[in-house]
There are 2 protein chains.
Amino acid sequence: MTAGAASESQEASKADLVHRLLREQIELGELAPGTPLSELPLVERTGASRTPVREALRRLAAEGLVDLVPRQGARVSRVSLQSVRDLFDFRGLLEPAAVRQATDAAAIDPQLRRSFTSMRSEFARIQRRAPSQARSRAFYELADRFDWAVIGATRNEHLRRTIAELRPHTTRLRNLSHVDPQRVDVSVAEHLVICDALLRGDADVAAGKTAEHLARSVETIFRNLARGPGDGLDLLG
Amino acid sequence: MTAGAASESQEASKADLVHRLLREQIELGELAPGTPLSELPLVERTGASRTPVREALRRLAAEGLVDLVPRQGARVSRVSLQSVRDLFDFRGLLEPAAVRQATDAAAIDPQLRRSFTSMRSEFARIQRRAPSQARSRAFYELADRFDWAVIGATRNEHLRRTIAELRPHTTRLRNLSHVDPQRVDVSVAEHLVICDALLRGDADVAAGKTAEHLARSVETIFRNLARGPGDGLDLLG
DNA sequence: GTATGCGATTCTGTATACAGGACGTAGTAC
DNA sequence: GTACTACGTCCTGTATACAGAATCGCATAC
C-alpha cells in the first residue's frame, strides 16, 4: 500500500497534481465560484509550467468545475439554483441504478459485503452519538466512503465514470452550504435503510430509498436557501 | 448560415479542428480500434503543432474514444462486447429520461413541435420506400437528426451533455457493423411510434418505447455478432 | 538455438518563447 | 461633464526545444 502510494506519486504527472490541487480547492470552496483562474498566476502558485496548468484547466472545464471562455480565460464555475436542481435530478437518475448494481455485487463478493456491513455498523454508531460538529463531519466522511464503495461496485463503466464525475459538484455544494444537524439525523437513518436493503439483496428498495434520499437532500438545500442568503448558503459566487 | 459557418471556422481553435477531424475518422471507422495515435505523425498529418494535437487527444480520451497510457501514448479505443453492453445499458437509462423532457418541451415550444412533426412525416416517407442502401442511409441520417433534436430539447444540462458524449460511440458502433435491412424496417416503425407518443404528449409511452427500441437495437447487434465475425462485425480491432 | 543484456530510437511530459486578440484606462474632443 | 477613441497591458492560443522514459532490435554468451 505504501509502495503503491509512493509509485503513484512518482507516476502522477504535474498536470495530475495541478488538477487535483485545483479540484480540491474548488470542492472545499476555498476557490469561490467566479474566481478567475489565469494561467500565469497558477504557474507561479503551483510551480508547474503553463502546459500542465493548461491541461488541468481543460480537464476541470470538462468536469464542469471551471468555465472556459474562448479568448478570455477560465473562472471557477458558478452555482445557480438551476444547476443544483439539474445535478440532483441527474443523480436521481443514475445513483439508484448504481445502488442496484452494488446490491447485486455485494451478494456475490464477500469482501464487498463485509465492507458494506462494516459501514452499516458505523452509520449505526454515528446515529447514537449526540449531535455535534464532529458528528456531522464523521457522517459526511462515512457517507463519502459509502458513495465511493457504491461507485466502485458499479459494473457499468459509463455509469461509474459519470457518477464519479459528479462527486466534486456534490462535495462543493455541501461545503458551500451550511450543515443542517437535523438533516444529518434524517440522512443517517436513510443511509441505514439503504444499507439494510443492499445487504439484504433487495435492489428495488435500495434503489428506491436512494432516490428518496436524494430528493430529500435537494429539498433541504432549497428550503435552507429559502431562508435567505443570510443563513449561509452563498451560491451565487 | 454561411456567415455563421465562416465565423465559426475562424473562431474554432486548431485543437477543435484536430479534435473534430480525429473524432470523425474514429466514428467512421477509418481509424480502426487499436490504431496508435502518436503525436508527431498527427502533427504532420494535421499541420497543427503538438500543443493542439495533445489537447485534442486528451479530449478524445475524456470522451472514451481514445485510450491514453501514461508514458506510452494514445491508441484508438477498442470495442469489446462488454463495452457495447455498457453503452446500451447506459443509454437505456438516460435516453428515456431525455425523451420525457423533449416531450414536455414539444408541448410548449411550437417550433420544436413543428420540427418533430416534420421528422415524423419523413420517417413515414422512408417507411414507404423499398429497402435499399440509400434508404438505410436516409434512415440513419434522419434518426441522427431526431436524436440530436431530443438532445437539444433536454433541459437538464448534465443529461444533455452526457448523452451527447455517447453519440460518437453509437455512431462508431454502427459504422463498424453492417447494416441489417430488416432491423432498419423495425427501427423506422419504432421511431414512428416514439414520434407519435412524443407529439401526443404521452411522455410515459415515448420513454418506454425508447427503452424498448434501445433494447432491440443491442439485441440485433449481438445476434449479428453471434453469426460470427465473417458477417462483418469486426469489433475486436 | 535460445535467452539475456545493452544500445539506439522514438515518444511523451515539460518548459518556454512568440503572436494576436481583448479588456481596461486615460486622454481628448464636443 | 460626458462620450468616444486610442494606447497599453494582460492573457490566451500556438509553436518549438529539451529531457527522461519506454520499447524494440541486435549482439553476445551460454
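Order of the sequence lines fixes the chain letters, A, B, ..., with proteins taken first and strands second; residue numbering starts at 1 for each chain.
- Listed by chain and residue number, nothing satisfies the ring-ring contact (aromatic ring centres under 6.0 Å, His included) test with B:F88 (two or more places apart in sequence, or in another chain).
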One pair to check against side chain to side chain donor-acceptor pair (under 3.5 Å): B:S13 and B:D16. What are the steps and the verdict?
CA-CA 5 Å; B:S13 65; B:D16 288 332; 3.2 Å; yes
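- Sorted by first and then second residue, the side-chain hydrogen bond (donor to acceptor under 3.5 Å, both in side chains) pairs with a member in residues 98-111 of chain B read B:R100-B:D204; sequence neighbours excluded.
- Spacing between atom CG of B:L40 and atom P of D:dA17 amounts to 12 Å, rounded to whole angstrom units.
- Across the protein-nucleic acid pair, B:L42 atom CG and C:dT10 atom P stand 17 Å apart, rounded to whole Å.
- Taking a pair as Watson-Crick or G-U with both hydrogen-bonding distances under 3.5 Å, the stems of three or more pairs touching DNA chain D are C:1-30 with D:1-30.
- Across residues 46-61 of chain B, B:R50, B:R54, B:R58 each have a non-hydrogen atom less than 4.0 Å from an atom of DNA chain C (numbered order).
- The salt bridge (Lys or Arg N to Asp or Glu O under 4.0 Å) check on A:E27 picks up A:R23, with sequence neighbours excluded.
- Using a 4.5 Å cut-off on side-chain heavy atoms (C-beta onward), A:M119 and A:F116 make contact.
- Sorted by first and then second residue, the ring-ring contact (aromatic ring centres under 6.0 Å, His included) pairs involving residues 32-68 of chain B (not counting sequence neighbours) form an empty list.
- Residue B:R75 contributes atom CZ, which lies 11 Å from atom P of C:dT12 at whole-angstrom precision.
- With rounding to whole Å, B:Q72 atom CD is found 12 Å from C:dC11 atom P.
- Aromatic ring orientation, B:H169 versus A:H158: perpendicular (interplanar angle above 60°, classes split at 30° and 60°).
- The distance from atom CD of A:E39 to atom C1' of D:dC11 is 8 Å, rounded to the nearest whole Å.
- Rounded to whole Å, the distance from NZ on A:K14 to C1' on C:dT12 is 15 Å.
- The side-chain heavy atoms of A:S187 and A:T220, taken from C-beta on, include no pair separated by under 4.5 Å.
- When rounded to the nearest whole Å, the span between CG of B:L17 and P of D:dG13 equals 14 Å.
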